[in-house]
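Inspection log for the structure reproduced underneath, given as C-alpha cells.
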Amino acid sequence: MTSLSSVSPYDNMSPVAQVAYRARAAAADLAPLPRSAKDDALLAMADALEVRTSEIVEANAEDVARAREAGTSETVIDRLTLTPERVRAIAADVRHVAALPDPVGEVVRGSTLPNGIDLRQVRVPLGVVGIIYEARPNVTVDAAALCLKSGNAVLLRGSSSAYSSNTALVRVLRDAVGGSGLPADAVQLVPGESRDSVRELMRARGMVDVLIPRGGASLIRTVVEESTVPVIETGTGNCHVYVDAETDIDMAVEILINSKAQRPSVCNAAETLLVHKDIAAAFLPRALDALADAGVTVHGDERVIEYADATKATIVPATTEDWETEYLSHDIAAAVVESLESAVAHIRLWSSGHTEAIVTTSQATARRFTQLVDSTTVAVNASTRFTDGGQFGFGAEIGISTQKLHARGPMGLPELTSTKYIVTGDGHTR
C-alpha cells in the first residue's frame with residue numbers, strides 16, 4: 001500500500017502540467033516579494049547574460065544553421081539571430097526593467113466610503129503567464145524580465161526553430177534567478193517541440209492564468225480560437241503612413257523611409273503608403289526614388305504606377321491581397337487617395353489596428369486623423385517605428401495588444417497586473 005507521504009504531486013502529470021504546477025507555486029512565492037528582491041534578481045539576470053554571452057551565441061548559431069539549411073527567409077533569420085552586440089542590448093533592456101517602478105501594490109483608486117470603510121483597489125500580479133511566440137529569442141528574456149518584475153511566473157513556449165537559443169537563455173536566466181534567492185521556477189521553458197505541447201498549454205485553464213501569443217497572424221488566430229486559457233490578443237502590424245495634402249515633403253520622405261526600411265521585419269514597420277492626390281505629383285517621385293535606394297519594391301495602384309517612368313523604383317501592380325498583407329520585408333503597398341476621409345476609409349478597411357501615421361503641417365487635419373483612426377497608436381509627424389514599449393519608456397514590452405479589453409498597445413508592467421480590492425473596516429457589518 002502506498003503511503004500518502006510517498007505520493008508526489010507530479011505523479012501522473014504530463015511534462016507540461018508539471019512545469020505549470022511548479023510555476024503556480026513560484027508565482028505564489030513571488031507575489032508578496034518587495035521590489036528590492038525582484039530587482040536584485042533582474043540585475044543578476046543581466047550580468048549572467050553578459051558573462052555567458054558566448055554560450056548563448058554558440059547555441060543560437062545552431063538554430064541559425066538549421067534555418068539556413070531549411071531555406072528560411074533572411075527576414076526570419078534576422079529575427080532569429082543573436083550576436084554579442086544583441087545580447088548586450090538585451091541585457092541592457094533587463095537593467096532598464098529593473099530601474100522601472102514596481103506596479104505591484106500601486107493604488108489604482110481609493111476612498112473612504114460614507115459608512116467609514118476604507119476601500120482601495122490595488123495592483124496584483126496576474127499569476128502564471130504563458131507566452132507562445134515564434135523565432136524571436138529576445139522575447140525569451142523580455143518576457144522573463146517583465147513577468148518577474150511584475151511578480152508573475154512565466155512559461156515560455158518559443159518555436160522549435162529557436163529551441164537551442166531558448167534552452168540556453170532559460171538556463172542562464174534560471175541560474176541567475178535561483179542564485180539570487182528567488183524560485184528558479186519563476187522562469188521555465190515549456191518542454192517539447194511539437195504542437196502537442198502548445199495545445200496542452202492552451203488548455204491548462206486553472207493552472208495558467210493568461211496566454212499571450214506573439215507572432216504571425218496564423219499563430220495568433222490559433223491561440224485565440226483554440227485556447228481555453230484567457231488570451232491577451234497581440235496583433236499583426238499592417239501599419240499605414242498617410243501623407244497629407246499639406247505636408248513638409250522632406251519630412252514625409254524621411255518618416256516614410258524610417259517607417260518602412262529602418263527594420264522591415266518587425267510589426268511596427270509600415271506596410272502601406274497613402275498619398276493625398278494634391279501632393280502626389282510633388283511627393284511621389286522623390287518618395288519612390290528614396291524607396292528604391294532603400295531596396296524597397298512598391299506594390300502600387302494605377303495612379304502610383306503612372307510615376308514609374310519618372311523614378312528608378314521597382315513598381316508592380318497592387319492586388320487586393322497587398323492591402324491586407326503584413327510583408328515584414330522590403331515591400332510596401334502604395335495608393336493615391338482623394339482625401340483624408342478616403343485615407344481613413346482605406347485604413348478602417350485594411351488595417352490590423354496596430355499603428356497609423358499622418359504627415360501633415362495642418363493641426364486641424366492632424367486632430368481629425370487622430371479622432372477618426374481607431375488603432376492602438378496614431379502617430380503625427382513621427383515614424384510608425386516608435387510603437388514600442390522601450391521607445392515609450394515602458395521597458396522591454398511583452399507584446400503589442402490590438403484588442404480593447406484590459407490592455408491595448410505596447411504592454412509594459414502595469415498590463416501584466418490585475419487588481420484586487422482591499423476593504424478595511426472597524427467592526428463594520430452590513
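With 3.5 Å as the limit, one finds a donor-acceptor pair spanning the side chains of Ser342 and Ser339. Using modelled atom types, one finds no donor on one side chain facing an acceptor on the other under 3.5 Å when comparing Glu246 with Thr361. Asn268 and Thr355 share no donor-acceptor pair across their side chains, judged by distance under 3.5 Å alone. Between the side chains of Asp322 and Thr325, not a single donor N or O lies within less than 3.5 Å of an accepting N or O. Judged purely by distance below 3.5 Å, without hydrogens or angles, the side chains of Arg22 and Gln188 pair a donor atom with an acceptor atom. Checked by atom type, the side-chain pair Ser164/Glu62 shows a donor-acceptor distance below 3.5 Å. Inspection of the Ser401 and Glu233 side chains reveals no N or O donor paired with an N or O acceptor under 3.5 Å. When only modelled atom types and interatomic distance are considered, Arg205 and Thr228 share no side-chain donor-acceptor pair under 3.5 Å. Looking at Tyr421 and Arg109, their side chains do bring a donor and an acceptor atom within 3.5 Å of each other. Judged by distance alone, the side chains of Tyr327 and Asn238 never bring a donor and an acceptor atom under 3.5 Å apart.
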* Verify salt bridge (charged side-chain N to carboxylate O under 4.0 Å, His left out) between Arg68 and Glu74, making sure each step is shown before the conclusion. => CA-CA 9 Å; Arg68 291 196 186 281; Glu74 286 303 316; 2.8 Å; yes
* Does the side-chain contact (heavy atoms from CB on, under 4.5 Å) test come out yes or no for Leu33 and Asp29, once each step is laid out? -> CA-CA 7 Å; Leu33 290 179; Asp29 291 338; 6.0 Å; no
* To do: Go through the steps to decide whether Glu106 and Arg120 satisfy the test salt bridge (charged side-chain N to carboxylate O under 4.0 Å, His left out), and finish with yes or no.
  => CA-CA 10 Å; Glu106 175 190 347; Arg120 287 180 294 137; over 6 Å; no
* To do: Apply salt bridge (charged side-chain N to carboxylate O under 4.0 Å, His left out) to Glu55 and Arg171, showing your working.
  => CA-CA 10 Å; Glu55 174 184 342; Arg171 182 168 59 244; 3.1 Å; yes
* To do: Might you work through the side-chain hydrogen bond (donor to acceptor under 3.5 Å, both in side chains) test for Ser383 and Ser259, ending with a clear yes or no?
  => CA-CA 5 Å; Ser383 170; Ser259 296; 3.2 Å; yes
* List the steps, then state whether salt bridge (charged side-chain N to carboxylate O under 4.0 Å, His left out) holds for Asp47 with Arg95. => CA-CA 9 Å; Asp47 291 343; Arg95 293 191 178 96; 2.8 Å; yes
* To do: List the steps and the verdict of side-chain contact (heavy atoms from CB on, under 4.5 Å) for Leu288 and Val298.
  => CA-CA 8 Å; Leu288 293 171; Val298 178; 3.9 Å; yes
* Asked: Stepwise, does the side-chain hydrogen bond (donor to acceptor under 3.5 Å, both in side chains) test hold for Arg88 with Thr53?
  -> CA-CA 8 Å; Arg88 283 195 293 271; Thr53 294; over 6 Å; no
* To do: Decide side-chain contact (heavy atoms from CB on, under 4.5 Å) for Arg123 and Val107; before the verdict, give the C-alpha distance in whole Å, the side-chain angles of both, and the deciding distance to 0.1 Å.
  => CA-CA 7 Å; Arg123 292 195 182 278; Val107 178; over 6 Å; no
* List the steps and the verdict of side-chain contact (heavy atoms from CB on, under 4.5 Å) for Val241 and Thr384. => CA-CA 8 Å; Val241 173; Thr384 60; 4.1 Å; yes
* Under the side-chain hydrogen bond (donor to acceptor under 3.5 Å, both in side chains) rule, what do Gln121 and Thr419 come out as? Steps first, then yes or no, please. => CA-CA 6 Å; Gln121 183 186 20; Thr419 64; 2.9 Å; yes
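Counting heavy atoms of neighbouring residues, nucleotides and ligands inside a 6.0 Å radius, atom CD of Glu226 exceeds 12 of them. Other residues, nucleotides and ligands place more than 12 heavy atoms under 6.0 Å from the CD atom of Glu85. Heavy-atom neighbours of Glu254 CD from other residues, nucleotides or ligands within 6.0 Å: at or below the threshold of 12.
A search for side chain to side chain donor-acceptor pair (under 3.5 Å) contacts involving Thr365 returns Ser362, not counting sequence neighbours. For the salt bridge (Lys or Arg N to Asp or Glu O under 4.0 Å) test, no residue two or more places apart in sequence or in another chain qualifies with Asp248.
Taking CG of Leu201 as the reference point, atom CG of Asp196 lies at 12.5 Å (rounded to 0.5 Å). Rounding to the nearest 0.5 Å gives a distance of 3.5 Å between OG of Ser165 and CG of Asp63. To the nearest 0.5 Å, the span separating OG1 on Thr83 from CD1 on Ile56 amounts to 11.5 Å. The CG atom of Leu43 sits 10.0 Å away from atom OG of Ser180, with the distance rounded to the nearest 0.5 Å.
Looking at heavy atoms from C-beta onward, Lys404 lies in side-chain contact with Asp374 at the 4.5 angstrom threshold. Counting only heavy atoms from C-beta outward, the side chains of Leu146 and Leu413 approach each other to under 4.5 Å. Using a 4.5 Å cut-off on side-chain heavy atoms (C-beta onward), Phe283 and Thr247 make no contact. At least one side-chain heavy atom of Lys260 sits less than 4.5 Å from a side-chain heavy atom of Glu271. Using a 4.5 Å cut-off on side-chain heavy atoms (C-beta onward), Pro317 and His299 make no contact. The side-chain heavy atoms of Val296 and Thr314, taken from C-beta on, include no pair separated by under 4.5 Å. By the 4.5 Å heavy-atom criterion applied to side chains, Val87 and Glu50 are not counted as neighbours. A 4.5 Å side-chain heavy-atom check between Val104 and Lys38 finds at least one atom pair inside the cut-off.
Phe392 and Phe394 have perpendicular rings, their planes meeting at more than 60° on a 0 to 90° scale where under 30° would count as parallel. Taking the six-membered ring for Trp and thresholds of 30 and 60 degrees, His276 and Tyr242 have ring planes inclined between 30 and 60 degrees apart.
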N/O donor to acceptor pairs below 3.5 angstrom from side-chain atoms of residues 128-137, sequence neighbours left out:
from, atom 1, to, atom 2, distance (Å)
Tyr133, OH, Thr140, OG1, 2.6
Glu134, OE1, Gly216, N, 3.0
Arg136, NE, Asn138, OD1, 3.4

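In this structure, Val94 and Met45 approach most closely via the heavy-atom pair CG1-CB, 4.4 Å. The heavy-atom pair separating Thr377 from Pro410 by the smallest distance is OG1-CD, 4.4 Å. Shortest non-hydrogen contact noted between Thr236 and Ile220 is N-CD1, 4.2 Å. Across all their heavy atoms, Ala334 and Trp323 have their closest contact at O-CH2, 3.3 Å. When every heavy atom of Val380 is checked against every heavy atom of Ala366, the shortest pair comes out as CG1-CB, 3.8 Å. When all heavy atoms are compared, the tightest approach of Glu193 to Tyr163 is CG-CD1, 3.6 Å.
Between Arg348 and Glu341, no side-chain nitrogen of the basic residue sits less than 4.0 Å from a carboxylate oxygen of the acidic one, so the salt-bridge criterion is not met. Ionic pairing of Arg286 and Asp289 is not present here: no N-O contact between side-chain nitrogen and carboxylate oxygen is shorter than 4.0 angstrom. Ion pair Asp78/Arg86 flagged as a salt bridge, since at least one NZ, NE, NH1 or NH2 atom sits closer than 4.0 Å to an Asp/Glu carboxylate oxygen.
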